[in-house]
Amino acid sequence: MQNFSAVFGRFSVAAGLAVLLLLTTCRPFSPPEKEAVPLAEHGMVVTAHALASQAGLAVLKAGGNAFDATVAVQFALAVVYPRAGNIGGGGFAVFRQADGTVGSLDFREKAPAAAGRDFYLDSLGNVIEGMSTSGHRAAGVPGSVDGMVRLHERYGQLPWAQVVQPAIELARDGVVLTESEADNLNRFREALTALNPEGTAFVKDTTWVPGDTLFQPELAATLERIRDEGRAGFYEGETARLLAEEMERGHGVITAEDLRNYEAKWREPLTGTFHDFRVIAMAPPSSGGVALLQLLQGSEQYPLQRWGHNTAKTVHIMTELERRVYADRATYLGDPDFFQVPVARITSEDYLNGRWASIQPDRKTPSEEIKEGEVNQIESLETTHFSIVDSARNAVSVTTTLNGYFGCKVVVGGAGFCLNNEMDDFSVKPGVPNMFGLVGGEANAIQPGKRMLSSMTPTIVERKGKLYLVVGTPGGSTIITTVYQVVLNVLEHDMTLPDAVAAKRLHHQWLPDKVLYETGALSDEAKTQLEALGHDLEEVSKLGKIEAILVQPDGTLVGGPDHTRGGDDFASGY
Ligand code: DON
């Protein structure tokens, strides 16, 4: 062992120790190894990245509750998982407190005041290719920071600064890139360079390799302002000024006033039942809750368990339910602050039983023959999910997004964060599909200050009045059907959580009229039978990326990160 004073030359031993401490604390963060079936007694955090899960876990262990951990994870993901984790995007949180009270917070982005119905159309009324998906004009006014501030104000226990701090350290001290993160940054190198000619932390001279360290000093400074000033650290002052300057540089339309006016909203979550279970899900402006409840009500009408998981009979019925549900979505769902969304009617038994009446056991109904259901009386539309349960059994289910990978690919100059391209979730022109192939109309047309329809489906399930399952996923239009299948796998097919998450999935969304199936989801026999019923099948490599937690009858928590579909999904528990 070398002599200390020899190593540090003229430094005193005390100064040497200080430097050593600095070197130790400033070492970049490296993700740990995954566990096959994560189990925990007290609390658990399941996210798309090990370092975000660990940030949440540290907060739980320090005496924070699930809401404190939510804030820590949301900000940590913005650093370690920049393709989807964000402060420049938005999302939804569905939660259930230990005493059984349920709630939800909508921190979805809003259209800037300057955006209207024809924002993405040329003078002939044609959609301008790429404008709603890429560059400054694709961005909605971000909601994540206001969402976290409000959630923490109402339900947090630890000081705000303490729950924001882990993200600051990750950004400042650096994060060692996993293979998936390095690949991802390389994949979007060209697009990120084109939109950020001044350079960003995400692009360096050479391509990234696993083991490289990503430092984000500008993002660290932005997070420090959020830590010190709360909401004002993002929607006013230096960050707002940098964002407005970025908009000017790229001819975007988000103004300082749009930022000042942004407010997350508390909304009543939607609740429904499936057999003995109670399902708590997100209300509009997400379509996720309505669609999930519709699908589960339809599934209850058929003996899917007896027919078996992913057999032709089961897949046929699920597909027929899905095409009808997505047709309703296209017509009736949008921001309830701007459009009267007939939620009660289209989730009612009476309406739904009528809707399923046209399902034929021996042939598919072509999507062109399906329209939305009849509603006569209108009553007075890249992402990441995380699930958290604390030791008191508060549960929070959050899906948050920039929409596409790295959103609109604009990184706000000097502030270091990606802006979303959520404006593409509006129906930019009736009948014209968005990047997920979804169509829509009046309900989801662009209006200033309106929220774009979402498919995000953060969900919580109770069993016998107790917390049972916390679940959600990214995947654009496939979010709804991915959550639906994992819920069915656990509740109907009695699978363990890891099996339910790993099980191969399928998807149908009315238009296009195709059944997508993950490689290995269907046996050859099931494929032949489904084709005989008229279904058009298309193989895809993967659908969704679940992050779930299940409470076992003895109270133990089981983590369900989506280990089998690549990526760095990770459960941390204690
Ligand atoms: O809100 C929505 O429905 C979409 N913006 C979600 C996008 C998404 O999941 C992309 N990631 N795979």
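Read the numbers this way: they start at 1 and go in the same order the structure lists the ligands and their atoms. FYI, side chains are in, hydrogens and waters are out, and symmetry mates aren't considered; it's all heavy atoms of this structure.
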Where's the contact between T383 and ligand 1, heavy-atom distance under 4.0 Å: side chain, backbone, both or neither?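 Both the backbone and the side chain of T383 come within reach of ligand 1.
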
Pick one of side chain, backbone, both or neither for how M452 approaches ligand 1, counting any non-hydrogen atom pair under 4.0 Å.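 The answer is neither.
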
Numbered atoms and elements of ligand 1 in range of [X], under 4.0 angstrom, heavy atoms:
{"X": "M456", "result": "1 (O), 3 (O)"}
{"X": "S455", "result": "1 (O), 2 (C), 3 (O)"}
{"X": "G476", "result": "6 (C), 7 (C), 8 (C), 9 (O), 10 (C), 12 (N)"}
{"X": "F436", "result": "7 (C), 8 (C), 10 (C)"}
{"X": "I479", "result": "9 (O)"}

Parallel, tilted or perpendicular: which fits the ring planes of F188 and Y405, with parallel below 30° and perpendicular above 60°?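 The rings of F188 and Y405 sit tilted, inter-plane angle from 30° to 60°.
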
Does the pair [X]/[Y] count as a salt bridge with the N-to-O cut at 4.0 Å?
{"X": "K450", "Y": "D337", "result": "no"}
{"X": "R117", "Y": "E442", "result": "yes"}
{"X": "D146", "Y": "R150", "result": "yes"}
{"X": "R565", "Y": "E518", "result": "yes"}

Tell me whether ligand 1 is touched by Y405 - counting only heavy atoms on the residue side and a distance under 4.0 Å.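 For ligand 1, residue contact (heavy atoms, under 4.0 Å) with Y405 is absent.
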
Among the heavy atoms of R108, does any lie under 4.0 Å from an atom of ligand 1?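 R108 counts as a contact of ligand 1 under the 4.0 Å cut-off.
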
Counting non-hydrogen protein atoms only, what is the nearest one to [atom]? Give residue, atom name and distance.
{"atom": "atom 11 (N) of ligand 1", "value": "E382 CA, 3.1 Å"}
{"atom": "atom 1 (O) of ligand 1", "value": "S454 OG, 2.7 Å"}
{"atom": "atom 2 (C) of ligand 1", "value": "D425 OD2, 3.1 Å"}

F417 and its ring pair (Phe, Tyr, Trp, His ring centres under 6.0 Å) partner, picked from F202, F75, F234, F406: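 Answer to the ring pair (Phe, Tyr, Trp, His ring centres under 6.0 Å) test with F417 among F202, F75, F234, F406: F234.
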
Would you say G475 has any N or O atom under 3.5 Å from an N or O of ligand 1, going by distance alone?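 There is such a contact, yes.
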
Taking distance alone, with N or O pairs closer than 3.5 Å, would you say T401 contacts ligand 1?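 Checking ligand 1 against T401, no N or O pair falls under 3.5 Å apart.
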
More than 12 heavy atoms of other groups within 6.0 Å of E539 CD: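 More than 12 heavy atoms, drawn from other residues, nucleotides or ligands, come within 6.0 Å of this atom.
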
May I ask you to check if R154 and W266 form a cation-pi contact, with NZ or CZ under 6.0 angstrom from the six-membered ring centre and within 45° of the axis?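 Yes, R154 and W266 form such a contact.
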
Between T400 and N86, is a side-chain hydrogen bond (donor to acceptor under 3.5 Å, both in side chains) present by the stated rule, with each step listed? CA-CA 8 Å; T400 180; N86 66 83; 2.9 Å; yes

